Amino acid sequence: MLRTHTCGELRIENVNTTVTISGWVQGVRDKGSLLWIDLRDRYGITQITIETEKADKSLIEIARSLGREYVISVTGKVLERYSKSEKLPTGDIEIYPDKITILNSALIPPFTIEDETDGGDDIRMKYRYLDLRRNTVRKNLELRHRLSIETRNYLDKLNFIEVETPVLIKSTPEGARDFVVPSRMHQGEFYALPQSPQTFKQLLMVGGFDRYYQIVKCFRDEDLRADRQPEFTQIDCEMAFVEQEDILQTFEGLIRHLFLAVKGVQIPELTRITYADAMNYYGSDKPDIRFEMKFVYLKSAAAENANNLVNGAGFKVFDAAQIVVGICAKGAAEYSRKQLDELTEFIKRPQIGATGLVYARYNADGTIKSSVDKFFDEAALKKWAIAFGAQPGDLMLILAGEQNKTRKALSELRLEMGTRMGLRDKKKFACHWVIDFPLLEWSEETSRFHAMHHPFTSPKPEDIKLLASVPGEVRANAYDMVINGVEVGGGSIRIFNKQLQSRMFDLLGFSKEDAEAQFGFLMNAFEYGAPPHGGIAFGFDRLCSLFGGADVIRDFIAFPKNNSGRDVMIDSPSPIAKTQLIELGIPLS
RNA sequence: GGAUCGGUAGUUCAGCUGGUUAGAAUGCUGCCCUGUCACGGCAGAGGUCGCGGGUUCGAGUCCCGUCCGGUCCGCCA
């Protein structure tokens, strides 16, 4: 061993012992007659001190030749410091070296290896191995490690076993685009990388492994975001002989265990909200319920809660709208004209696409001032206030238009207001289930139904009768777990019966032949005694970023790709040699 | 595929309605300094203003194109 101790462990008890530590030079402070070296490794920083008037000349020469990030080994005596540092755990001691060995020199790093680095994202990605030396990045990966260990502990105790599934599999048309891998031995044919181990975990259920999990890489060839990578990691789970309730219980147990074990946070039992309610009250299938600010409808498309308070006043925008819906921002009546204009601009951005924002201030003196006073008198506005549950001092923000678009826009506005009002504290965690997702989703683009979750999702038994008549209204035994407005996991009870599965393929527009060619293996397996089963998969990277209080998952992946799917460090993807292409039988145009 | 913001010293950024020699901080180099720990002080080096074209007497600045990066929509569980 080139060390007896790490750079993080020496304490006052070690004084007067001779030790050897190795690491990277964080910095040198040369004060003439005194010279200090901060030596860093994964575990901490230890100070090396040289008194240049007493020390060996060659030692001083070596010390003065050191640059940042040189790798050195130091042997010397641990002594109590003359002036101690509160900032370092090793701050009570320092090492007087007898010997300094330069194990390797280093170029000057392009950015500083400090918590508050001067490097931007781009340069840090290119030199990721240097970025990994920084505390902040290292801590993120340590957090990831803890989460994976605790996941395994929890699931192992419940008799789950981790089984690996293949990475070179078969392309299927449903869902995301596949990454494909050409086969040399079978020219013109391709493997695909799994978007998830979905079918394999179901086959494991047929194979009698009634509790399976895997922390596994998945691949999707789609455009990226701050919280999306082309390859990402899932905690993939499946159970047999269970109903939806069992899955919800088991895996909210997992999340609560992780919060307790890793963060020491006690999470209450998860609340549940139906997809329909989530859309109705929050305009989103992954609402952030750290704060309330539920939607209030002044006019609604649904007959049952059509408390229409806006029609007939001569305001065409409201009269023509399918819905008029708003939120009540508590205590925000003080918002200035400028702030309201900012909000209007916010909802008019093309990404959000609303055409205008109506506001009504419930002033502290009890009067109400709105942007549509021309059409609505004080009495009408008071009725709005009652509907909104607004008190003097509150601000009502109202959008109107077609249902889906308007809900979506208001959902964005709600989140924006939550942020502006400081209601989205990253240290607070609100976890809940969204249940009863629709089974199918109509696609205008392809003029057919798509599976909302995936084609193996089981419809709710009581809704099966609707499959023939109104397939769009059939609810699925599907569920998502949402934390702070982030979808961290989702799953479903699966179809385990060949007839129902082929009926689903029918609805999804598969021909018998296509279904057979693509999923025949699964349907065949279902004929050999498939148990009822269901499961869930968690986005592990997202979970890590959430635990770490960040929005960007890149910081929790050792070697991430950038926004356009490139690894700027190794420079991939890259062209391959002509000979490789010929071998694969792939002509490039 | 679309929207939007950005690209200037090794790095992070400033640079106004176009106008002399493009600045700051940090990092780097040298010298000084006995208790520093973001050490301090003094001096110094360091620039294809992403790239190409255009407008103009004159472009880091304006226009067009292009490449690269960030965020978002579409897409994606």
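In this text, all values refer to a predicted model and were calculated from it rather than measured experimentally.
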Please classify the nucleic acid contact of [X] as base, sugar-phosphate, or nothing, using heavy-atom distances under 4.0 Å.
| X | answer |
| --- | --- |
| A:G490 | nothing |
| A:R220 | sugar-phosphate |
| A:H453 | base |
| A:E114 | nothing |
| A:L34 | base |
| A:G489 | nothing |

Report the residue (A:A176 or A:D227) whose heavy-atom-nearest nucleotide on RNA chain B is the more 5′ of the two.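 Closer to the 5' end of RNA chain B: A:D227.
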Residue mapping more 5' on RNA chain B - nearest nucleotide basis, A:R566 or A:F437: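 This one resolves to A:R566.
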Residue pair A:Q234 / A:S196, side-chain heavy-atom distance below 4.5 Å: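 In contact.
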So, [X] and [Y], do they make that salt bridge, N to O below 4.0 Å?
| X | Y | answer |
| --- | --- | --- |
| A:E412 | A:K408 | no |
| A:D571 | A:R566 | yes |
| A:K460 | A:D436 | yes |
| A:D541 | A:R144 | yes |
| A:R64 | A:D30 | yes |

Short of 4.0 Å, heavy atom to strand atom, which residues of residues 552-564 of chain A count as contacting RNA chain B?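 Output list: A:R554, A:N562, A:N563, A:S564.
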Considering only heavy atoms, which members of residues 76-97 of chain A lie under 4.0 Å from some atom of RNA chain B?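 Correct list: A:R81, A:Y82, A:S83, A:K84, A:S85, A:K87, A:E94, A:Y96.
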Pair partner, [N] [Watson-Crick or wobble, under 3.5 Å]:
| N | value |
| --- | --- |
| B:rG6 | B:rC68 |
| B:rU20 | none |
| B:rG46 | none |
| B:rG35 | none |

Taking the [atom1] atom of each, how far is [N] from [M], in whole Å?
| N | M | atom1 | answer |
| --- | --- | --- | --- |
| B:rG46 | B:rC28 | C1' | 9 Å |
| B:rC13 | B:rG30 | P | 29 Å |
| B:rC57 | B:rC42 | C1' | 44 Å |
| B:rA38 | B:rC76 | C1' | 44 Å |
| B:rU20 | B:rC32 | P | 41 Å |
| B:rC68 | B:rA59 | C1' | 22 Å |
| B:rC5 | B:rA9 | P | 22 Å |
| B:rA3 | B:rG65 | P | 11 Å |

Between A:F160 and A:Y213, how do the two ring planes meet: parallel, tilted or perpendicular, split at 30° and 60°?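 Perpendicular: the ring planes of A:F160 and A:Y213 meet at over 60°.
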In terms of the angle between their ring planes, are A:Y127 and A:Y129 parallel, tilted or perpendicular, with boundaries placed at 30° and 60°?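 The rings of A:Y127 and A:Y129 stand perpendicular, inter-plane angle above 60°.
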Which residues share a salt bridge (Lys or Arg N to Asp or Glu O under 4.0 Å) with A:E80, sequence neighbours left out: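 Applying salt bridge (Lys or Arg N to Asp or Glu O under 4.0 Å) to A:E80 gives A:K84.
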Applying salt bridge (Lys or Arg N to Asp or Glu O under 4.0 Å), can you list everything that pairs with A:E51, at least two apart in sequence or on another chain?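 Counting only residues at least two positions away or on another chain, A:E51 forms a salt bridge (Lys or Arg N to Asp or Glu O under 4.0 Å) with A:K54.
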Return yes when atom CD of A:E473 has more than 12 non-hydrogen atoms of other residues, nucleotides or ligands closer than 6.0 Å, and no otherwise.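 Open: at most 12 neighbouring heavy atoms sit under 6.0 Å from CD of A:E473.
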Go through RNA chain B in 5' to 3' direction and return only the first and the last nucleotide with some atom under 4.0 Å of chain A's heavy atoms.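 On RNA chain B, the outermost contacted nucleotides are B:rG1 to B:rA77.
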Are A:Y281 and A:F295 close enough that their ring centers fall under 6.0 Å?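 No, the ring of A:Y281 stays outside the 6.0 Å limit from the ring of A:F295, centre to centre.
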Under the rule for side-chain contact (heavy atoms from CB on, under 4.5 Å), what residues qualify as partners of A:E94, not counting sequence neighbours?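 With neighbours one apart ignored, the set is A:W36, A:Q47, A:T49, A:R81, A:Y96.
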